Amino acid sequence: MSAAVSPTTVIRLYSGPLSMFGMKAEIALLEKGIAAQVQMVPFAMKTLYQPKHPEVARINPKAQVPVLLHDGLEIFDSTQIFEYLEDIAPEPPLWPREPKDRARARLLELKSDEVFFPPVIRLMGLQQTPDDPAAVAAREACAGYYAEIEAALGNRDWLAGPYTYADIAFYMAQIFADRMGAPMPRTAPRLIAWRARMTERPAVARVAGAMARYLISQGRPVPGFMQPFA
Ligand SMILES: N[C@@H](CCC(=O)N[C@@H](CS)C(=O)NCC(=O)O)C(=O)O
């Protein structure tokens, strides 16, 4: 548990019912055993995040979730939130201890958000035109990344050695890739087994389960591996 977090100072996290980045932070809080008030900002499939939640707009110049408030501190960005949680609640560690392993894990977490996910964002705008060369290229980029991570995973259970924030980030990103037509291929059996291990973690199941139920409430399809939550 998180002995470093005073029980008198409650953490508030602003997230969204379909926010990949917000859910990264939600999973991390649960993995750390940190009690927090998680508040969902207004979100709808048609209007997305408009109107912006006033606290999110005030704190984050990009007006994006997640935003975290704790005892006078106001921060945003899922990776910044990971770093803060690690500082206030070092146990259980979610970064490796050894510096080079830690650096590799941080790089993997960054690559998940900034290398793997941008083609997924492009696919979001190309759902009606899946044969568009830009959509084909985006799916190819995802496939290339899956192949790279499959090869790097080897016989390890987790992406960076121990279970880390890198696993949380890639799990969330691949949910959206699956939803946008770039699922993990059968040619990546180690990754598929990794995803099953992730899905079994109570913290992951709780957050991904809420997302699955939200998708169903909106009449949207749920990825096959999330069906047990539905
Ligand atoms: N790099 C940021 C990305 C945050 C982000 O893109 N948040 C999305 C929701 S998943 C958002 O609030 N989008 C609303 C907008 O951009 O207007 C992070 O890691 O937190």
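Computed from a predicted model, the values in this text were never measured in an experiment. First listed ligand is number 1; within each ligand, the first listed atom is number 1.
Taking the ring centroids of Y171 and F176, they lie at or beyond the 6.0 Å cut-off.
Residue, atom and distance of the protein heavy atom nearest to atom 10 (S) of ligand 1 are S19 OG, 3.1 Å. Scanning the protein for heavy atoms near atom 12 (O) of ligand 1, the closest one is V65 N, 2.9 Å. D77 OD2, 2.9 Å is the protein heavy atom nearest to atom 1 (N) of ligand 1.
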Show me the donor-acceptor pairs within less than 3.5 Å that the side chains of residues 214-230 make with the rest of the protein, sequence neighbours left out.
from, atom 1, to, atom 2, distance (Å)
S217, OG, Y214, O, 2.6
Q227, NE2, V222, O, 3.1

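Close approach of ligand 1 to S78 (heavy-atom distance below 4.0 Å) involves ligand atoms 18 (C), 19 (O), 20 (O). Numbered from 1 in the order shown, with element, the atoms of ligand 1 that lie under 4.0 Å from a heavy atom of M20 read 10 (S). Interface atoms of ligand 1 facing P66, defined by a heavy-atom separation under 4.0 Å, are 20 (O).
Considering backbone and side-chain atoms together, Q64 places an N or O closer than 3.5 Å to an N or O of ligand 1. Looking at Y49 next to ligand 1, no N or O pair under 3.5 Å apart turns up.
Side chains of Q64 and Y49: no donor on one and acceptor on the other come within 3.5 Å. Side-chain contact check for E86 and Y165: at least one donor-acceptor pair (N or O, by modelled atom type) lies under 3.5 Å. In this structure, a donor-acceptor pair under 3.5 Å is present between the side chains of W194 and D167.
Within the structure, the closest approach of K52 to ligand 1 falls below 4.0 Å when heavy atoms are considered.
Aromatic ring pairs are classed by plane angle as parallel below 30°, tilted from 30° to 60° and perpendicular above 60°; the pair F116 and F170 is perpendicular.
One finds no salt bridge joining E200 and R195 here, because no Lys/Arg side-chain nitrogen approaches an Asp/Glu carboxylate oxygen to under 4.0 Å.
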